[in-house]
Amino acid sequence: MATDFKSIPIIDIAPLLAKWDDPKMAQDPCVSEIVKQLDQACREAGFFYVKGHGIPETLVKEVRNITHKFFDLPYEEKLKIKMTAAAGYRGYQRIGENITKGVPDMHEAIDCYKELKQGMYGALGKPMEGCNQWPDSPQNFKELMEEYISLCTELSRKIMRGIALALGGLPGEFEGERGGDAFWVLRLIGYPEASTANGKCTPENDIGCGAHTDYGLLTLVNQDEDIIALQVRNQSGEWISAPPIPGTFVCNIGDMLKILSNGLYESTLHRVINNSPTYRVCVAFFYEPNYDAAMEPLEVCVRRSGGTRKFEKAVYGEHLVSKVQTNFVV
Ligand SMILES: N=C(N)NCCCC[C@H](N)C(=O)O
Ligand SMILES: O=C(O)CCC(=O)C(=O)O
Ligand SMILES: [Fe+2]
């Protein structure tokens, strides 16, 4: 968010996806063009839309539809998969349960995380250990989400190869020890329609999700069509809308990429306000580093940003746990 951007750029990443695996991808002129666009978007806004991402639109929609169906169920039914600390913070949370800067958010959600093998990361992994809780109804929920997670993981990995080049690194910069066993988070979120008085929506009353940054590397936002609710903060503090654009994901940078890039890219503040008369669903996929990866500024980024290391080492899993434990008072 280093500028006063007024809108969020759209990047067609199809040529990057076609060459993601090519040892000479960095020399390819079509890839270079996309890398340039990614670099500019990440420096200026920390947010961009991707089109040409290759995930079938039918699946993208179906994931939102089935999420609507789940949130339409009676409360008691949803409570069958209630999120608890003992379940590794996985499962359903009611409206107001997630807290941002001390204020309850007006959303309900199901949180899912990559499953960690018991004891795999010792004390570091313990708070997040547990099995994802999937509802029995609607049918096929788990299967659909698992397919979606797998496609989003692949897509994110390929976009991160473009971002690695944008930072002046090698394509595999975010693989291996940093991201070769990437952690992920999936949040299925429901934002109630704005409350109405005399048939009119009361503007700016309820914050669906308070201003925050995301925690990892890259977020892919799949939001309901026809409702404008996601807002991104620019340098002067204006809130710029990120309206839904069919066939795209909204992508944004997380805290770990801010560290890795030595602040060349920032994790931009954003929030959600659903002022529409319609219930809104968003499916957010968070692509993260390896759970136990220690993040520090890449050499090339330190050089490119004046030679001073701006951030201390941070372990991704520690960052996640500290966030999760302040989001929920369970
Ligand atoms: N994994 C992510 N990014 N989750 C987004 C939740 C943001 C709200 C949360 N209460 C917070 O304050 O972070
Ligand atoms: O609902 C949205 O559009 C975005 C949600 C979000 O920012 C988050 O869950 O981190
Ligand atoms: Fe977010």
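Note that ligands are numbered from 1 as they come in the structure, with each ligand's atoms numbered from 1 the same way. Numbering of residues begins at 1 and proceeds along the displayed sequence. These numbers come from the heavy atoms of this one structure, side chains and all, not from hydrogens, waters or symmetry mates.
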Engineer: Determine, stepwise, if the pair Asp111 / Gln93 fulfils side chain to side chain donor-acceptor pair (under 3.5 Å).
Structural biologist: CA-CA 8 Å; Asp111 282 351; Gln93 60 211 248; 3.0 Å; yes
Engineer: To check your reading of the model: name the closest protein heavy atom to atom 13 (O) of ligand 1, its residue, and the distance in Å.
Structural biologist: Tyr215 OH, 2.5 Å
Engineer: What protein N/O/S atoms are there under 2.8 Å from the Fe ion (ligand 3), waters excluded?
Structural biologist: His212 NE2, Asp214 OD1, His270 NE2
Engineer: Could you find the nearest protein heavy atom to atom 8 (C) of ligand 1 and give me its residue, atom name and distance?
Structural biologist: Thr100 OG1, 3.2 Å
Engineer: Can you list the atoms of ligand 2 that are under 4.0 Å from a heavy atom of Phe286?
Structural biologist: 8 (C), 9 (O), 10 (O)
Engineer: Is Arg271 in contact with ligand 2, taking contact as a heavy-atom separation below 4.0 Å?
Structural biologist: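 No, that is not the case, since the closest heavy atom of the residue is not under 4.0 Å from the ligand.
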Engineer: For residues Asp12 and Gly52, report the shortest heavy-atom separation together with the two atoms involved.
Structural biologist: OD1-CA, 3.7 Å
Engineer: Short N/O distance, under 3.5 Å, between Cys209 and ligand 1?
Structural biologist: no
Engineer: So which protein heavy atom does atom 1 (O) of ligand 2 come closest to, and at what separation?
Structural biologist: Tyr191 OH, 2.7 Å
Engineer: State whether the shortest distance between N or O atoms of Gln223 and N or O atoms of ligand 2 falls below 3.5 angstrom.
Structural biologist: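 No - when backbone and side-chain N and O of Gln223 are compared with those of ligand 2, no distance drops under 3.5 Å.
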Engineer: Hydrophobic cluster mates of Leu170, side-chain heavy atoms under 4.5 angstrom, ILVMFWY only, any path?
Structural biologist: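 Listed partners: none, Leu170 stands alone.
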Engineer: Using 4.0 Å as the upper bound for N to carboxylate O, is an ion pair formed by Glu299 and Arg309?
Structural biologist: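 Salt bridge: yes.
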Engineer: Any idea which of Arg187, His212, His107, Gln231 brings a heavy atom closest to atom 6 (C) of ligand 2?
Structural biologist: His212
